[in-house]
Amino acid sequence: MKRPSLFLSIVPLFFLVAFIATLVPLFGDSITEGPAQIALLSAALVTSLISILFLKVSWEKIEASMLDQLSKTGSAIFILLMIGALTGSWMQSGVVPTMIYYGMKLIHPSVFLVITFILTSLVSLTAGSSWTTIGTVGVAMLTAGQFLGFSAPWLAGAIISGAYLGDKCSPLSDTVNLCASSTGISLYKHVRYQLYTAIPAGILSIIFFGIAGFMIPTASTIDISAQTDALKTTFYLSPWLLLVPAFTIFLIVKKVSPFLTLFLSAILGAVVAVLFQPELCRQMLHFTKDAGGLMQAFEAGLRMMSGSVEIETGNEMLNTLTATRGMHGMLNTVWLILCVVTFGGAMDASGMIQVITEKMAHIMRNAFSLVSSTVGTCIFFNLTLSDQYMSIVLPGKMFSDTYKKTGFAPEVLSRTLGDAGTVTSVLVPWNTCGIVQASVLHVATLSYLPYCFFNLVTPIVTIFVAAIGYKIRRLTS
């Protein structure tokens with residue numbers, strides 16, 4: 001195998017960017033329904049041909065790298081499918097409508113974005129998973145906020161910002177554990193050190209969403225009584241239904257795996273729907289009032305978890321927001337993820353990624369250049385390998401010795417990995433995190449990107465902290 005030149009290494013990246021830039025004006029928001037997949041597979045083909053013809057890399061090695069990438073993404077795919085099932089059953093069971101109804105009644109519109117940011121932060125901190133938080137509480141807050149007059153991108157920005165703040169600081173988070181293990185420090189040492197950048201970024205985010213909440217026209221200019229009346233008429237609403245998310249939180253506290261937690265919660269939602277929303281179950285199956293029975297209930301539960309369901313509420317806005325797609329609605333996202341890991345595997349097998357990052361390592365001389373280069377490398381991996389785990393592990397391995405040789409403690413590296421690799425992944429439309437959250441919230445990545453304030457400001461904060469030398473620890477003898 002030959003070592004690729006810098007020019008050869010960036011050819012597939014330019015090809016992918018140019019291809020996608022050509023497709024965006026043609027397909028718009030529907031680019032992820034097939035065109036983006038073709039672009040990714042074409043870029044993987046270009047990478048493979050360069051590797052085979054010029055670098056003498058065997059196809060077997062490229063294929064093995066693709067399969068390795070796929071094995072690391074398998075758990076995320078299963079979780080994604082379970083989020084689809086849970087969203088469907090929680091909506092039809094009345095759990096999400098109950099959260100929406102009381103949210104609109106109890107939370108003043110001017111502080112809704114701040115409350116959304118704080119609530120998702122706390123849930124994510126407890127759950128240790130931004131995906132679980134966004135797929136449950138996030139969906140409810142998005143719908144409630146739209147009733148109050150907020151646009152979906154603004155709401156998605158607040159939801160994602162809060163979810164990633166909690167995820168980045170939770171000892172239960174897989175990415176937090178990955179940052180610590182990649183640099184060889186203890187988990188809680190990493191969590192404590194992350195607070196020096198997470199707290200300032202969180203405070204700035206609260207200020208940002210607080211100002212936005214007072215400036216954006218909301219319920220003071222629209223009448224939400226039509227929506228609340230339609231909710232009460234369509235669904236059986238009761239605080240007792242909130243025992244379903246309470247059960248989910250219990251499983252999270254008991255550290256049950258995310259897949260089992262989401263699957264069991266989805267099943268419980270389907271059971272609750274059959275028991276408390278019988279009219280809706282009959283409507284989705286087009287049964288008469290006298291029709292019913294165990295098999296019909298079983299069919300209704302399966303349908304709301306697996307397929308598309310539309311309920312007639314008498315309110316056009318509510319019809320749109322309560323429509324669900326179940327696991328079937330996630331299959332397009334799974335397709336895109338498979339194409340993403342195919343391209344990432346080809347780039348990794350060719351050695352092109354290593355060449356590009358090594359060129360960046362030459363400019364590292366002090367804390368500012370070291371941290372800035374690490375941030376840039378993490379973002380680069382999120383753009384090219386399209387996976388946040390790779391954006392943490394690879395820079396951790398690459399820069400570990402460099403940090404030691406320049407006298408900086410490993411927690412400086414681990415914190416930078418979390419501040420850049422974790423939080424920026426959701427801002428890339430073809431990254432697995434960006435794909436998933438756009439699919440779950442039904443908001444395009446580039447639409448919510450400008451409003452993910454925490455995700456945007458955190459890398460800037462970590463670079464600023466390095467520039468002024470605040471809490472930059474050095475190795476001691």
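Residue Ile392 holds its CD1 atom at 10.5 Å from OG of Ser414, rounded to the nearest 0.5 Å. How far CG of Leu122 is from OG of Ser170: 11.5 Å, rounded to the nearest 0.5 Å. Rounded to the nearest 0.5 Å, atoms CD1 (Ile199) and CG (Leu204) are 12.0 Å apart. Atom-to-atom distance recorded for Leu41:CG and Leu338:CG is 9.5 Å, nearest 0.5 angstrom. Taken to the nearest 0.5 Å, the CZ atom of Arg415 stands 8.5 Å off from the CD atom of Gln194. Distance check, rounded to the nearest 0.5 Å: OG1 of Thr47 to CG of Asp348 gives 11.5 Å.
Inter-residue side-chain proximity for Val244 and Ser265 is flagged as unmet; no heavy-atom pair is nearer than 4.5 Å. Residues Val57 and Ile52 have side chains not in contact (no heavy-atom distance under 4.5 Å, counting atoms from C-beta outward). You'll find the side chain of Ser306 stays beyond 4.5 Å of the side chain of His328, heavy atoms only. Asp167 has its side chain out of reach of Thr133: every pair of non-hydrogen atoms, C-beta onward, lies at least 4.5 Å apart. The shortest distance between side-chain heavy atoms of Val176 and Cys169 does not fall below 4.5 Å. Using a 4.5 Å heavy-atom cutoff, the side chains of Ser121 and Tyr164 are not in contact. Counting heavy atoms from C-beta outward, Thr116 and Phe112 have side chains that approach closer than 4.5 Å. Annotation: side chain of Asn431 is not in contact with side chain of Val426 (no heavy-atom distance under 4.5 Å).
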TODO: Take Met352 and Ile50, measure what side-chain contact (heavy atoms from CB on, under 4.5 Å) needs, and give me the verdict at the end.
DONE: CA-CA 10 Å; Met352 296 176 182; Ile50 293 174; 3.6 Å; yes
Open item on the list: Please determine whether side-chain contact (heavy atoms from CB on, under 4.5 Å) holds for the pair Tyr403 and Leu370, giving the CA-CA distance in whole Å, both sets of side-chain angles, and the decisive distance to 0.1 Å.
Closed with: CA-CA 8 Å; Tyr403 273 73; Leu370 195 63; 3.5 Å; yes
Task: Trace of the side-chain contact (heavy atoms from CB on, under 4.5 Å) decision for Met66 with Ser48 - done: CA-CA 11 Å; Met66 293 177 179; Ser48 301; 4.1 Å; yes
- [ ] Apply side-chain contact (heavy atoms from CB on, under 4.5 Å) to Ile134 and Val139, showing your working.
- [x] CA-CA 6 Å; Ile134 294 170; Val139 171; 5.8 Å; no
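Scanning for side-chain contact (heavy atoms from CB on, under 4.5 Å) contacts around Ala420 gives Val375, Cys378, with sequence neighbours left out. For Ser350, there are no side chain to side chain donor-acceptor pair (under 3.5 Å) partners, not counting sequence neighbours. The side chain to side chain donor-acceptor pair (under 3.5 Å) test applied to Thr120 returns no partner, not counting sequence neighbours. Every residue was checked against the side chain to side chain donor-acceptor pair (under 3.5 Å) condition with Gln277, not counting sequence neighbours, and none meets it. Shown here are the salt bridge (Lys or Arg N to Asp or Glu O under 4.0 Å) partners of Lys189, two or more places apart in sequence or in another chain: Glu411. A search for side-chain contact (heavy atoms from CB on, under 4.5 Å) contacts involving Thr22 returns nothing, not counting sequence neighbours. Every residue meeting the ring pair (Phe, Tyr, Trp, His ring centres under 6.0 Å) condition with Tyr196, not counting sequence neighbours, appears here in chain and number order: Tyr193. Considering only residues two or more places apart in sequence or on other chains, Phe117 meets the ring pair (Phe, Tyr, Trp, His ring centres under 6.0 Å) condition with Phe209. Thr462 pairs by the side chain to side chain donor-acceptor pair (under 3.5 Å) definition with Asp419, not counting sequence neighbours.
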Please table the atom pairs, donor to acceptor, closer than 3.5 Å between any side-chain atom in residues 148-155 and protein atoms at least two apart or in another chain.
none

If you look only at distance, which donor and acceptor atoms sit under 3.5 Å apart when one is on a side chain in residues 434-446 and the other is two or more places apart or in another chain?
residue : atom : partner : partner atom : Å
Ser439  : OG   : Thr333  : OG1          : 2.9
His442  : ND1  : Arg325  : NH2          : 3.2
His442  : ND1  : Ser439  : O            : 3.3
Thr445  : OG1  : Gly434  : O            : 3.3

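Contact between Leu23 and Pro35 at its shortest, heavy atoms only, is CD1-O, 3.4 Å. Residue Ser65 comes nearest to Gly345 through the heavy atom pair OG-O, 2.7 Å, listed as atom of the first residue, atom of the second, then distance. The shortest non-hydrogen separation linking Met304 to Cys281 is CE-SG, 4.2 Å. Closest heavy-atom contact between Leu165 and Gly202: CD2-CA, 4.3 Å. Closest approach of Arg303 to Val309, counting heavy atoms only: O-CG2, 4.0 Å.
Other residues, nucleotides and ligands contribute more than 12 heavy atoms inside 6.0 Å of the CZ atom of Phe259. More than 12 heavy atoms of other residues, nucleotides or ligands lie within 6.0 Å of CZ in Phe19, so this atom counts as buried by the packing criterion. When the shell of 6.0 Å around CZ of Phe464 is examined, it contains 12 or fewer heavy atoms from other residues, nucleotides or ligands.
When atom types are taken as modelled, the side chain of Thr261 and the backbone of Val256 share a donor-acceptor pair closer than 3.5 angstrom. Between the side chain of Ser425 and the backbone N or O of Thr422 there is at least one donor-acceptor pair closer than 3.5 Å. The main-chain N or O of Val423 is found under 3.5 Å from a side-chain atom of Asn455 such that the two form a donor-acceptor pair. Within the 3.5 Å criterion, the main-chain N or O of Asn382 finds a donor-acceptor partner in the side chain of Ser391.
When each of Tyr451, Phe454, Phe453 is checked for a ring pair (Phe, Tyr, Trp, His ring centres under 6.0 Å) with Phe208, only Phe453 meets the rule.
The side-chain hydrogen bond (donor to acceptor under 3.5 Å, both in side chains) contacts involving residues 77-91 comprise nothing, where partners must be two or more places apart or lie in separate chains.
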